[in-house]
Amino acid sequence: MPEIYLYNTLTRKKEEFKPAIPGEVRMYTCGPTVYLYASIGNFKTYVFSDVLRRTLEYNGLSVTHVMNITDVGHLVSDADEGEDKVVAEAARQNKTPWEIAEFYTQAFFRDADRLNILRPTIICKATDHIPHMIRMVEEIVANGYGYETDEGIYFDVSKYPEYGRLSGINLEKQMAGARVEVKTDKRNAADFLLWRKAPKEHIMQWESPWGMGYPGWHIECSAMSREYLGDQFDIHTGGIDHIPIHHENEIAQSWACSGQIPARFWLHGEFLLVDGGKMSKSLNNVYLLDDLAARGYEPLAFRYFCLGAHYRTKLNFTWDAIAGAQTGLRGLRAQVQRAVQSQGSVSEVAEQKVAELKAAFLEAINDDLNTPRALAVVWEAAKSDLGPALRDLVADFDRVLGLDLLTGQAKDEQVDESELPAEVAALLKERAEARKAKDWAKADSLREKLREMGYAVKDVKDGYEVTKI
RNA sequence: GGCGACAUGGCCAAGCGGUAAGGCGAGGGUCUGCAAAACCCUUAUCCCCGGUUCGAUUCCGGGUGUCGCCUCCA
């Protein structure tokens, strides 16, 4: 069993990872709040989780991967203020929260599929687990970590001395740092809602021991991870922005119930930047996969782009960069697919090279998911003149990379002649005749004309090939 | 104000004590009527100043700059 090293936010170190139960990994990923389309920034994090899961499986481990769908309780502010995001969006669109959640859940998985993000083993919706959450809140209160106010049930962070361990925040300093006082009846500034009492007109609400209401945002992850993975599982993943509040709160809640930190390893993906700065709604630079597609970039080019940088470093998205990634991915596929078609048998030299490359690849991904290095190995493999041996090797690598290297579109896909518009076909024919007559000036001008129409013509030994630009 | 991160060639980025992976782009060449494709070659001393060390991009200290979270957001 090869050694796997992962950076654990909890200890701020790279540690060797071994599942608590030999051979079986239990992993939880904070899923989307389904009130909007997920952006490419969101997906950077999900690509990271996916690569993690694939890496574990590549190492021969079986992975139970749980992902939540937040369809209730995530307020407009993470700090328990404002409206419920899903409910607010529903009001805007004049739909029910359930319709909104369903729509954006499907949109999320459609995009995730396009990115070759494997479906989690278990996908769980918050609204399907209200009783689990209520039970957990009851337990927290019974254990003395919660208290009731007119607003709802709060978690009392002062009862959990370890609060802040994950993010390294110091509560006292935070408070001294003077966040403007919020009008609330909570005891400590960092206390957060476990359960919120709902006014009559609130659409999504459930019966509870504290009257009608709905769950706080953080409790769903604690309740559902516990339900499916137990009191303490192996890995918890999410975006880096979740460290200070969401994951801190999750840890506190779970601790209040089980006396354990719910996950042994906490892994966080860094942000995607746009033009060197943040991507935000207010700056109007939030891009979706569809926005990339509209400019001709395939979803997997974005995946390749993400893999080109380490998950714990900020990745700067620019149109130049994604263009480079698209070209790179197509080029890699072209290289691989061409090599794979070559004839011949596998030589001993090739076999040895394959073993070397495989080892280098494994070492890279097992070193805290060093995908940039792994990609460099793939390029080396593609250029190593391995002949037919390359096929199995690349298929093997692609189990982790998920880039459709053997099957995806390579450079300059040829256009089927029969599907060309008549006008284009006529010009091609005219050009072929001009060439036969060695009328190069005419041939060149026709090629230019075709280019303007969106078709690139290249001459090959006994004819020409047409590709769409 | 609190917390955290980063600064590597035109761009996206690995490496993190022994004089810099990879991709994109660019330049040159082979091939081609020309072009394209393909192939070959070329393309950085790592923000600045100190220190530790035989030796630092890599460690420490100090600058400068950028970015993120604490409010929308992965």
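It should be emphasised that the depicted structure is a prediction, and the values quoted were computed from it without experimental measurement. Because only heavy atoms are used, hydrogens play no part in the values below, and waters and symmetry mates are left out as well, while side chains stay in.
At a cut-off of 3.5 angstrom, counting only N and O atoms as typed in the model, there is no donor on one side facing an acceptor on the other between the side-chain of A:Asp320 and the base of B:rC12.
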Watson-Crick and G-U pairing of RNA chain B, under 3.5 Å, as dot-bracket with | and [ ]: (((((((..(((.....[...)))((((((.......))))))...(((((..]....))))))))))))....

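In terms of phosphate contacts, A:Thr313 brings a side-chain nitrogen or oxygen within less than 4.0 Å of OP1 or OP2 of B:rA14. Contact annotation: A:Lys436 does not reach the phosphate of B:rG33 (side-chain N/O to OP1 or OP2, under 4.0 Å). Contact between the side-chain N/O atoms of A:Asn316 and the OP1/OP2 oxygens of B:rA13 is not found at any separation under 4.0 Å. Side-chain N/O atoms of A:Gln335 include one lying less than 4.0 angstrom from OP1 or OP2 on B:rC39. Between A:Lys278 and the phosphate of B:rC69, there is a side-chain N or O to OP1/OP2 separation shorter than 4.0 Å.
As judged by a 4.0 angstrom heavy-atom cut-off over every strand, A:Trp440 is placed among the base-contacting residues.
Summarising the geometry, the separation between NE2 on A:His242 and P on B:rG4 is reported as 20 Å, rounded to the nearest angstrom.
Heavy atoms from other residues, nucleotides or ligands lying under 6.0 Å from CD of A:Glu16 number more than 12.
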Worked verdict on A:Asp111 versus A:Arg114 for salt bridge (charged side-chain N to carboxylate O under 4.0 Å, His left out): CA-CA 5 Å; A:Asp111 280 355; A:Arg114 295 199 288 171; 2.7 Å; yes

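Using a 4.0 Å cut-off between a side-chain N of Lys or Arg and a carboxylate O of Asp or Glu, A:Asp459 and A:Arg447 qualify as a salt bridge.
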Table please: side-chain donor-acceptor pairs of residues 386-403 of chain A below 3.5 Å, with sequence neighbours left out.
unit_1, atom_1, unit_2, atom_2, d
A:Asp396, OD1, A:Arg399, NH1, 3.1
A:Asp396, OD2, A:Tyr58, OH, 2.4
A:Asp398, OD1, A:Gly402, N, 3.3
A:Asp398, OD1, A:Leu403, N, 2.7
A:Asp398, OD2, A:Asp404, N, 2.9
A:Asp398, OD2, A:Leu405, N, 3.0

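Near RNA chain B, meaning a heavy atom under 4.0 Å away, the residues from residues 292-311 of chain A are A:Tyr304, A:Phe305, A:Gly308, A:Ala309, A:His310.
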